[in-house]
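Accompanying notes for the structure given below.
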Amino acid sequence: MMLPDQQLETTYPEHLKTLQRRYDEALELAGFSSIAVGSGIGRNWFLDDHGPPYKADPHFVQWVPLLQHPGSCVLYNRGRQPVLIVYQPDDYWHESPPLPEGGWLDAFDLRVIASPGALMDHMPDHHDQLVLLGDTDQWPTMLQAAHQNPRDILNYLHYYQAIKTEYEVHCIRAATARTVTAHRAAEQAFRTGASEYEILLCFLAAGKSTESELPYHAIIATNEHAATLHYQGRQRESTQCHSLLIDAACSWNGYASDVTRSWTAKDSEFTAMIGDLDNVQQSICAAVKPGLPFADLHSQAHAMIAELLQRWDLVTLDTATLLDEKVTDVFFPHGLGHFLGLMVHDAGGSISDIHGTAIAKPDRYPNLRLTRTLEAGNVLTIEPGVYFIDTLLSGLRQSSLSDRVNWKKIERLKKFGGIRIEDNLLVSPSGSENLTRHAFDTGDREQARSPEASSPRL
Ligand code: GLY
Ligand code: MN
Ligand code: MN
């Protein structure tokens, strides 16, 4: 709803032009004349009059920074001024979404409706020329003749969604700055003995966010909980704490950040291992540049993690065996990264063109999410990890390689759960910019200037 600073205000008009160009071409290629991009609707749980928090559809958010306007839409007729239809119910139970305001609205023909059915009054007459994008339940049944979420339109939009406009990069930067402030508060809370639940509260307060405004379920994993990749618990009581893996982030104008840090309560061999993985992560980040197939980077990450497993004396196997026998996968069982933007796992990561041609997954890594060749304007995460996951370790223990594994050391390290270091990078014409490290460095400089301005605590 608010464009946060002047840079965003000045980049938004160009963003809108780019979006209009993309939609013009997508509609023309698919043979349609207009498209309604829905904001989605709120829903209740089964047999209940309450439901999960509403989340705006990302295609809608790309057009307009409106995150709390269910039942609304952008109607775009090819080559014409976009129409913003805002649903403002007359409801004395809930606060009505405010009427949007600000200079950015000048680009739209703004219309307000008081009932969902009134959408019909604004739709073009020829529904066979109309595309409906988003949650199909939003659209009145009278629109049945329209084309809902056609694949060729989605393929086109998702292919280009991977190339961020300047406005989008600013939003992700702003989300990252907010995330870094929240991460600092969370680390401080961890160091004073807070529980997972209390760390979450500190994160939210410092990030000026509610939990439902976060781009994904925050992972706040102490000790062995870090071995569960998407750990969703919120332990209420403080226990003896060895480590914290925190994978949590904030949003800005509906754009996501996605940051992970790993900490130990006191210096130990595991602290040194975190430092080693951080070095590996930084050298992978340094290799990010246009023209690089992401699958190659993922393979290189496996080779570097093989070296770490050897250096840490967890295995006595050569690199080729560690890779060929998929031993590295036991310790690093997820992808090196993914596109980031309107969604935390953003669209377009595995198609090679506007027609949605799928990029074949590498034989060695059939589950890799991001397989595209990088280009300037991509925003992606780099997030190598090493974990001690019982279910994966048990397979290795039963294999013929078991006697080459240092089980004693692994048992000793299990109480730390695992390590992940995750940054967000913008691919530039000549390499990349690490948005996360930049935000941490800027925060360091600001804190050095005014040490009392530390993050808020609960
Ligand atoms: N936070 C989820 C992920 O890192 O992909
Ligand atoms: Mn991620
Ligand atoms: Mn993450």
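One-based numbering along the sequence shown. Predicted model only: the values in this text are computed from it and were never measured. Just so you know, ligand 1 is whichever comes first in the structure, and atom 1 is the first atom listed for that ligand.
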Nitrogen or oxygen of Glu383 less than 3.5 angstrom from that of ligand 1
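In this structure, Glu383 places an N or O atom under 3.5 Å from an N or O of ligand 1.
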Can you confirm, on distance only, whether ligand 1 has an N/O atom lying under 3.5 Å from any N/O atom belonging to Arg420?
no
With Asn44 via side chain to side chain donor-acceptor pair (under 3.5 Å) - residues at least two apart:
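In terms of side chain to side chain donor-acceptor pair (under 3.5 Å), with neighbours along the sequence ignored, Asn44 is linked to no residue.
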Where is the nearest protein heavy atom to atom 5 (O) of ligand 1: which residue, which atom, and how far?
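Minimum-distance protein heavy atom for atom 5 (O) of ligand 1 reads His345 NE2, 2.7 Å.
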Shortest protein contact, atom 1 (N) of ligand 1 (heavy atom only)
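Among all protein heavy atoms, the one nearest atom 1 (N) of ligand 1 is Asp247 OD2, 3.0 Å.
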Atom CD of Glu166: over 12 foreign heavy atoms under 6.0 Å
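Count not over threshold, so no.
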Do [X] and [Y] have a side chain donor and acceptor closer than 3.5 Å?
X      : Y      : value
Tyr387 : Arg420 : yes
Asp57  : His59  : yes
Trp312 : Asn406 : no
Thr321 : Asp318 : yes
Glu196 : His225 : yes

For the pair His230 and His345, name the ring-plane relationship: parallel under 30°, tilted 30 to 60°, perpendicular over 60°.
parallel
Quiz item: cation-pi between Arg234 and Tyr197, 6.0 Å / 45°:
no
Can you name the atoms of ligand 1, numbered from 1 with element, that are less than 4.0 Å from a heavy atom of Glu422?
4 (O)
Considering only heavy atoms, does Asp258 approach ligand 1 within less than 4.0 Å through its side chain, its backbone, both, or neither?
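Looking at Asp258 and ligand 1, just side chain atoms fall under 4.0 Å.
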Within less than 4.0 angstrom of ligand 1, does His334 place any heavy atom?
no
Which residues and atoms, counting only protein N, O or S, are under 2.8 Å from the Mn ion (ligand 2)?
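Result, waters dropped: Asp258 OD2, His338 NE2, Glu383 OE2, Glu422 OE2.
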